[in-house]
*Asks:* 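Mind having a look at this structure? Questions to follow.
Please read all numbers here as calculations on a predicted model, not as lab measurements.
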Amino acid sequence: MITAAIVTNPVTIFFIVLVIILLAPVILTKLKIPHIIGMIAAGVVVGPYGFDILDRDSSFQIFGQVGLLYLMFLAGLEIDMYRLRLNLKRGLLFGFLTFIIPMIMGVLLSAYVLNLPGITSILLGSVLASHTLIAYPVAARFGITKSPSVLIAVVGTIIAVIGSLLVLAAAVNLHEMGEFSILAMGWLLLKLLLYCVGVLYFYPRITRYFFKHYSDNVTQFVYILAMVFCSAWIAGAIGLEAVLGAFFAGLVLNRYVPASSSLMGRIEFVGNALFIPYFLIGVGMMINLAVVGQGDTLTVTLYILAVALTSKWLAAWLTQKIYRMDGNARQILFGLSTAHTAVALAVVTIGYRMLNPDGTHMLSESVLNATILVILVTCAIAPIVTTGAAAREKIRMMKTDGQDNGSDTSATSNNILVPIATPVTAQSLVELALLMNEGIPNSTLHALHVRNDNSSSSKAIGKQSLDIARTAAAAMDTDITTIERYDLNTVTGVINVMAERDIDTVILGMHRRVTVIDSFFGAKVEQLLNLTNKMVLISRCYIPVNTITRIVVYLPDKAQFETGFRRWVLLLASLTRQLGCRIIFVCRKDQRPPIFTIIRQGEFAIRAEFQIIEHHDDFILLSNKILDDDLFVVVNARINSISYGTETAELPGFLHRYFSRNNLMVIYPEQFGEETHIQSFSDPHAFDLTSAPSPLRMKIARWINRLQEAKKRIIGRK
């Protein structure tokens, strides 16, 4: 018998919940028990079937439902879409197996062991066929969400949930109409198709528009949540489960929330700190351990539990054998697919409410209680199995990464300096640097403000600029070293800091021309390029970086022979991976193999495409192909570098003339590495590398190149 709860004051209720959320991980970590079990067990203890300290009132129902939707949304948001596409075929097979095997075994159990009617057997089969990614936070905590086995389990969850909901709809339709209606099922599938097409079409366009016009962090966070719950509400309104809508919204919005962005940090923090624990505690409060000894509940529970675990394990085992995966992958598949919560509760609740002609429940009370106990046991088993397998998978992934990158750590380390002139550009430059530097080991990030006077206004600008830089880095959970320097001028200050901090890369905001005679990059950038041989990136973005749809990279001839070639390819690959967009290299035929090799060795898993060009004139034609949502990256060259020539000498003029309104990044690669020594003037081979050609020689070379290109075009026409 349930009595009134001891605690009814809202403030006290919220305090008790926060204490559980705070102490459960602390205590269970020492006992080496997954946190999820602790949250569920705490819900059992304080709930109406335990010590009755708290009642499962409307607050737990609301926050619990929000937590479940939040969990599914995070599962979709954290998926690497490129790797998901690579594992889609295997995921579809696993989804089919993890749905059909439990479905068949559940129906056979109900019909021949529990002696239940036909519709009841179908309902119980759909309960066992579905599962919830309740152990997904374990995979996220170990950092294995990009593992193929995790991605396969996620795809399988989608298939199993959709299949179970369709079976539920068919069973309800059969019960209400007395016969199976193909028309009703076809209408449900049509609504599902229209829903998916609508979300895929409208969500990206609305999101890009919103992010371009509203850059406030809080506003963007509220917008994301509003879109998620709108998708969940629409899914529920058309007869699907709301968790499916939240998960699908996560997949669609995945592209606009980079994994290392400040927005992603806020989304994960709110979910893991409040909503998801509330959901887990609410699940525990639904469990009534007292019904175990009543009637045949224990027997029914053991039957259902045996079928639930066996069928899910068989699906994982068959998938492992078919695709020749290791045993650890099988455990991850089993651990992520064995927990039954949301859909199972929905199905069994609907079945309990459905009445037979004689007035009895379609699913009896013993089946209802047995299902809840199965939910408890599977929710306890799932994180335990996943935790052990996730730890081994993390070690395997680290060893693999070490084998790929360990042989060339010097090439992958990167110390970035971001000179910040004003508070206006501070946040965008720091976020760009963090996205480009994500995943590169042995890296540091520095933000620098240089002033040449001690006025109060100059000091205030410097302090505000560096404060914004620190805030932007803290929001992305990354350390940044801020430096305020008093020096003769900006260029001198940057050069001195580069020498003091062993800087490899400098990321600047692009100069805006003030006068007609002003150069494209400005005098300060040109001085900096002349005084350092390190890599310099000059960026100009008119839109937020997370709304970029493509990165188009143009390479001059011989760019692959520069010392810093590998470094800038790695940085652009890291940026592409974080943004989840395509990267298109516009290059010569002989430049494709080295770029492809660097991306493959780094295991970036990005969509890299190549457009082969033959003549420099093709560069001008790109102006008609670069869209407003693209980032156009041009690899330039210093005067005394290997790839410098007439082509690169004319680049600033072309950029100003044809790409003045495009998002632009100009890269000057590192010219000499640490292992390279500038040769002396006595070496006859030193002239081509260290001496700038005369203007007359450059004009003659330009004329000769144009004559040669014209000759090639004439021969090609013939």
Side-chain angles (χ1 to χ4, degrees), residues 25-26 28-39 71 74-84 86-87 90-91 94 133-157 254 258-260 264-265 268-269 271-272 276 313 316-317 319-320 323-339 380-407 409 412-413 437-443 476-479 574 577-578 601-606:
V26 176
L28 295 175
T29 298
K30 296 181 179 180
L31 300 176
K32 297 183 179 181
I33 299 175
H35 302 168
I36 296 176
I37 297 179
M39 298 294 180
L71 176 63
L74 280 179
L77 196 64
E78 294 178 347
I79 289 176
D80 188 321
M81 297 302 294
Y82 182 83
R83 295 181 185 270
L84 179 63
L86 293 179
N87 294 278
R90 292 187 289 179
F94 174 67
L133 291 173
I134 198 170
Y136 188 84
V138 175
R141 190 173 71 249
F142 279 94
I144 63 167
T145 55
K146 297 179 181 180
S147 171
S149 53
V150 175
L151 296 172
I152 291 172
V154 170
V155 178
T157 300
N254 180 297
S260 300
M264 186 65 170
E268 289 183 333
F269 173 78
N272 294 327
I276 295 177
W313 186 89
W317 179 77
T319 304
Q320 174 216 348
Y323 292 110
R324 299 179 180 179
M325 305 169 72
D326 57 15
N328 196 61
R330 181 188 65 243
Q331 282 191 266
I332 293 177
L333 292 174
F334 174 66
L336 290 175
S337 64
T338 194
I381 292 176
I384 293 176
V385 175
T386 307
T387 298
R392 292 189 292 271
E393 180 68 10
K394 181 63 175 179
I395 295 173
R396 185 196 66 80
M397 293 174 64
M398 292 178 65
K399 288 182 178 179
T400 303
D401 293 340
Q403 292 173 358
D404 291 337
N405 301 326
S407 59
T409 56
T412 56
S413 63
N437 202 39
E438 179 65 25
I440 299 180
N442 305 321
S443 302
M476 300 172 72
D477 197 21
T478 306
D479 296 328
S574 176
R577 179 173 59 185
Q578 291 298 314
Q601 290 178 347
E603 292 189 345
F604 284 99
I606 58 177

*Asks:* Using the rule given for side-chain contact (heavy atoms from CB on, under 4.5 Å), can you reason through Met325 versus Ile152, listing the C-alpha separation, both sets of side-chain angles and the distance that settles it, and then say yes or no?
*Replies:* CA-CA 12 Å; Met325 305 169 72; Ile152 291 172; 3.9 Å; yes

*Asks:* Just verifying a value: how many Å separate Leu333 CG and Tyr323 OH, rounded to the nearest 0.5 Å?
*Replies:*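 The CG atom of Leu333 sits 11.5 Å away from the OH atom of Tyr323.
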
*Asks:* Is there a side-chain contact between Thr478 and Asn437 (heavy atoms, below 4.5 Å)?
*Replies:*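 Side-chain contact under 4.5 Å: no.
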
*Asks:* With side chains defined as the heavy atoms from C-beta onward, is the minimum distance between Leu77 and Met264 less than 4.5 Å?
*Replies:* yes

*Asks:* Taking all non-hydrogen atoms of both residues, which atom of Ala390 and which atom of Ile144 are closest, and how far apart?
*Replies:* CB-CD1, 3.5 Å

*Asks:* Might you point out which heavy atoms bring Trp313 and Arg330 nearest each other, and give the distance in Å?
*Replies:*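 The answer is NE1-NE, 3.9 Å.
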
*Asks:* Kindly give the heavy-atom pair with the smallest separation between Gly335 and Ala382, and that separation in Å.
*Replies:* O-CB, 3.2 Å

*Asks:* Walk me through it: do Arg90 and Thr319 pass the test side-chain contact (heavy atoms from CB on, under 4.5 Å)?
*Replies:* CA-CA 8 Å; Arg90 292 187 289 179; Thr319 304; 5.6 Å; no

*Asks:* CD of Gln320 to CD1 of Ile332: how many Å apart, nearest 0.5 Å?
*Replies:*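 These two atoms lie 11.5 Å from each other.
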
*Asks:* Evaluate the side-chain contact (heavy atoms from CB on, under 4.5 Å) criterion for residues Thr157 and Leu336: first the C-alpha distance (whole Å), next the side-chain angles of each, then the deciding distance (0.1 Å), finally the verdict.
*Replies:* CA-CA 9 Å; Thr157 300; Leu336 290 175; over 6 Å; no

*Asks:* How close do Phe94 and Ser337 get, heavy atom to heavy atom, and via which atoms?
*Replies:*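 Heavy-atom minimum between the residues: CZ-OG, 3.8 Å.
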
*Asks:* Give the minimum heavy-atom separation between Val155 and Gly91, together with the two atoms involved.
*Replies:* CG1-C, 3.5 Å

*Asks:* Search all heavy atoms of Thr387 against all heavy atoms of Pro383 and return the closest pair with its distance.
*Replies:* OG1-O, 2.5 Å

